[in-house]
Amino acid sequence: MTETEFLFVYVTAGSKEEAKAIAAEAVKKNLAACANILPSMTSVFQWQGQVETAEETVLILKTTRKKFAALKQLVLELHSYDCPCITALPVSDGHSDFLDWIRSETKTPKRS
C-alpha cells in the first residue's frame with residue numbers, strides 16, 4: 001500500500017463543546033487545516049465488560065501524515081475520555097486545490 005500525504009482524522013467526543021475546543025486548538029496550532037463537527041451521533045460499544053450507548057459528537061480533522069503524531073497527542077491531552085477514538089483515514093485522491101490548501105495550512109506555524 002502506498003502511503004498518502006493527506007489524512008482525515010476521525011475523533012469522537014463526549015460533547016459538541018469538547019469537539020469545538022479540540023478543533024480550535026488543532027487549527028490554531030496548525031495541526032489541522034480545518035475541522036468538521038457532526039453533533040448527535042449515537043454510539044453503541046463495549047466498555048469494561050458492559051454494552052454501553054452514548055450520544056457523542058463526531059470530529060473530522062483534515063491534516064497531513066507529518067502532523068498526525070502531534071495532532072493525536074493534542075487530542076489525547078484535551079480529550080475527556082480514558083480511551084478516545086482517534087483514527088487516521090488516508091485520502092487517496094481529491095481536488096488538488098483543496099489538498100494544496102491543507103498542505104499550506106499545516107505547513108508553517110501560525111502566529112499566536
Side-chain angles (χ1 to χ4, degrees):
M1 181 171 122
T2 304
E3 200 171 276
T4 63
E5 178 181 1
F6 302 100
L7 301 173
F8 279 12
V9 178
Y10 177 88
V11 175
T12 57
S15 69
K16 186 176 178 182
E17 292 72 26
E18 180 175 50
K20 285 169 92 173
I22 293 168
E25 280 300 303
V27 171
K28 178 181 176 183
K29 293 182 176 186
N30 82 305
L31 298 176
C34 73
N36 300 123
I37 297 171
L38 310 170
S40 298
M41 181 264 297
T42 303
S43 291
V44 179
F45 54 95
Q46 284 202 46
W47 183 249
Q48 299 178 341
Q50 299 291 320
V51 175
E52 302 283 342
T53 302
E55 295 303 311
E56 295 185 295
T57 297
V58 173
L59 173 61
I60 302 169
L61 300 151
K62 287 122 181 178
T63 193
T64 61
R65 186 167 296 282
K66 289 180 185 178
K67 296 290 182 154
F68 178 69
L71 177 59
K72 180 173 76 171
Q73 186 58 44
L74 177 75
V75 173
L76 289 169
E77 290 169 7
L78 299 177
H79 210 289
S80 63
Y81 291 177
D82 292 336
C83 182
C85 169
I86 307 168
T87 56
L89 307 167
V91 175
S92 62
D93 202 354
H95 178 53
S96 62
D97 290 347
F98 180 73
L99 298 177
D100 287 344
W101 176 76
I102 293 173
R103 186 182 298 113
S104 172
E105 289 300 307
T106 58
K107 189 175 239 179
T108 54
K110 293 181 181 172
R111 300 178 210 278
S112 298

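Side chains included, hydrogens not; waters and symmetry mates left out as well; all remaining heavy atoms used.
- Under the 4.5 Å side-chain contact rule for hydrophobic residues, Val27 and Ile102 do not share a cluster.
- With values rounded to the nearest 0.5 angstrom, Thr4 atom OG1 is found 10.5 Å from Asp93 atom CG.
- Proximity of Lys20 to Ile37: side-chain heavy atoms (C-beta onward) are separated by under 4.5 Å at one or more points.
- In this structure, CZ on Phe68 lies 14.0 Å from OG1 on Thr106, to the nearest 0.5 angstrom.
- The neighbour count for Asp100 CG, taken as heavy atoms of other residues, nucleotides or ligands under 6.0 Å away, is above 12.
- Hydrophobic clustering, with ILVMFWY side chains joined whenever heavy atoms are under 4.5 angstrom apart, groups Leu89 together with Phe98.
- Remark: Thr63 OG1 to Glu105 CD distance equals 11.0 Å, nearest 0.5 Å.
- Under a hydrophobic-cluster definition in which Ile, Leu, Val, Met, Phe, Trp and Tyr are linked whenever side-chain heavy atoms come within less than 4.5 Å, directly or via other members, Tyr10 and Leu71 are assigned to different clusters.
- Linking Ile, Leu, Val, Met, Phe, Trp and Tyr residues whenever their side-chain heavy atoms come within less than 4.5 Å places Phe8 and Val58 in a single cluster.
- In this structure, CG in Leu99 is found 11.5 Å from OG1 in Thr64, a value given to the nearest 0.5 Å.
- Taking every heavy atom of both residues into account, Thr12 and Met41 meet most closely at CG2-CE, 3.6 Å.
- With rounding to the nearest 0.5 angstrom, the NZ atom of Lys67 is 5.5 Å from the CG atom of Leu31.
- Note that the OG1 atom of Thr87 and the NZ atom of Lys72 stand 11.0 Å from one another [nearest 0.5 Å].
- Considering only heavy atoms from C-beta on, His79 comes within 4.5 Å of Val11 through its side chain.
- By the rule that hydrophobic residues join a cluster once side-chain heavy atoms approach within less than 4.5 Å of another member, Val9 and Phe6 end up as members of separate clusters.
- For the side-chain hydrogen bond (donor to acceptor under 3.5 Å, both in side chains) criterion with Glu56, the lone passing option out of Ser15, Ser43, Ser40 is Ser43.
- For Glu18 against Leu78, the heavy-atom pair with the smallest separation is OE2-O, 3.9 Å.
- Closest heavy-atom contact between Ile22 and Leu74: O-CD2, 4.4 Å.
- Contact between Phe45 and Ala54 at its shortest, heavy atoms only, is CE2-CB, 4.0 Å.
- The minimum heavy-atom distance between Ala33 and Trp101, with the atom names listed, is O-CH2, 3.5 Å.
- For the pair Glu55/Thr42, a side-chain contact is recorded, criterion being any heavy-atom separation below 4.5 Å from C-beta on.
- Across all their heavy atoms, Ala19 and Leu59 have their closest contact at O-CD2, 3.8 Å.
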Should Thr57 and Glu17 be marked as a side-chain contact (heavy atoms from CB on, under 4.5 Å) after you check the CA-CA gap, both sets of side-chain angles, and the distance that decides it?
CA-CA 9 Å; Thr57 297; Glu17 292 72 26; over 6 Å; no
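- Of the candidates Lys66, Arg65, Lys62, Leu7 forms a side chain to side chain contact (heavy atoms under 4.5 Å, CB included) with just one, namely Arg65.
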